[in-house]
Amino acid sequence: MIEWIIDYALKADEIKTLTHANSYIKLKQAAARIYKSEHYKTRGEIGEISIHAICREYFQTIPFAPRVFYLTSSNEVVKSFDMVHVRYVGDHDVELWLGEAKFFKDRSLAIARALTSVSTHIEQGFLKNEKLLLGPQVSTDIPHFDKIRDVLSEEVSLDVLFQKAVFPIFIASDSPSTAKHKSHTAQYEADVAEELASLSDAIARSALHTKIKIVLIYVPIRSKDQLAEAFDKRLKGLNP
């Protein structure tokens with residue numbers, strides 16, 4: 001996970017100047033940026049780095065704008081999606097990947113919170129606000145940036161955004177299967193498949209998949225607390 005923090009935490013223009021001579025300095029900058037954020041105190045950054053890395057590695061997405069925050073009419077700060085990426089489809093089309101990440105001990109609670117969060121984000125008022133904030137922040141350095149901006153334009157219907165959007169839901173939680181098994185066996189795969197099925201069932205019951213395109217990503221872990229502690233130690237090692 002640590003190897004992804006530069007890609008996650010630094011801006012595109014900062015990453016452009018990355019060389020073998022300054023890689024350790026960049027790594028420390030990224031660690032400091034994560035460690036000093038308020039969100040880090042709740043360990044939310046671990047889920048966000050994980051969804052960022054998995055989508056980058058396995059779905060070939062790339063970030064197109066930073067995460068944003070905005071105020072509701074009651075002046076409550078609302079966080080935008082945990083991941084804002086683009087995926088290229090063929091030579092000319094784009095998908096906007098707007099992700100939600102949950103790093104919880106309890107799997108059922110994690111998916112419930114994720115579904116509530118995504119449902120809130122896709123409400124018309126919130127999504128309009130996010131379009132207005134994200135549109136101007138689309139980096140001009142990425143391919144087809146103009147197409148991404150067009151989708152996020154105020155003049156373009158939200159229906160177009162829904163057609164172009166994919167909503168990955170990332171769940172990392174304590175897994176009885178991972179805690180029980182000592183090696184990657186066929187039985188372990190079957191047990192984890194049951195845990196994954198329970199998450200898929202929760203999405204089906206919510207009917208959210210009938211409104212938007214969802215990609216479910218599940219990472220079963222032995223212990224959320226142990227992983228958080230190990231990550232914390234490595235991050236502190238970069239910020240002595």
Using the benzene-type ring in the case of Trp, are the ring centres of Phe81 and His121 under 6.0 Å apart?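 Between His121 and Phe81, which both carry aromatic rings, the centre distance is below 6.0 Å.
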
So, Thr185 versus Gln187: side-chain donor-acceptor pair below 3.5 Å or not?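 Side chains of Thr185 and Gln187: no pair found under 3.5 Å.
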
More than 12 heavy atoms from other groups under 6.0 Å of CD on Gln60: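 Yes, enclosed.
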
Arg149 atom CZ: more than 12 heavy-atom contacts under 6.0 Å: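 Atom CZ in Arg149 is packed in, count exceeds 12.
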
Under the salt bridge (Lys or Arg N to Asp or Glu O under 4.0 Å) rule, collect the residues that match up with [X], sequence neighbours excluded.
{"X": "Lys213", "result": "none"}
{"X": "Lys164", "result": "Asp93"}
{"X": "Arg87", "result": "Glu95"}

Give a yes or no answer on whether the side chain of [X] reaches the backbone of [Y] with a donor-acceptor pair at less than 3.5 Å.
{"X": "Tyr88", "Y": "Ile62", "value": "no"}
{"X": "Ser50", "Y": "Ile46", "value": "yes"}
{"X": "Ser117", "Y": "Arg113", "value": "no"}

State, to 0.1 Å, how close Thr140 and Phe145 come at their nearest heavy-atom pair, and which atoms those are.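 Heavy-atom minimum between the residues: O-CD2, 3.6 Å.
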
Rounded to the nearest 0.5 Å, how far does [atom2] of [Y] lie from [atom1] of [X]?
{"X": "Leu98", "Y": "Ile122", "atom1": "CG", "atom2": "CD1", "answer": "11.0 Å"}
{"X": "Glu45", "Y": "Asp82", "atom1": "CD", "atom2": "CG", "answer": "9.0 Å"}
{"X": "Ile111", "Y": "Ile203", "atom1": "CD1", "atom2": "CD1", "answer": "4.5 Å"}

Face-on cation placement of Lys102 at Phe170 ring, 6.0 Å and 45° thresholds: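 No, Lys102 does not sit over the ring of Phe170.
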
Hey, which of Arg107, Lys180, Glu195, His181 is the one that makes side chain to side chain contact (heavy atoms under 4.5 Å, CB included) with Ser175?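 Only one option passes, and that is Glu195.
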
Partners meeting side-chain hydrogen bond (donor to acceptor under 3.5 Å, both in side chains) with [X] (sequence neighbours left out):
{"X": "Lys105", "answer": "Asp174, Asp225"}
{"X": "His92", "answer": "none"}
{"X": "Ser200", "answer": "none"}

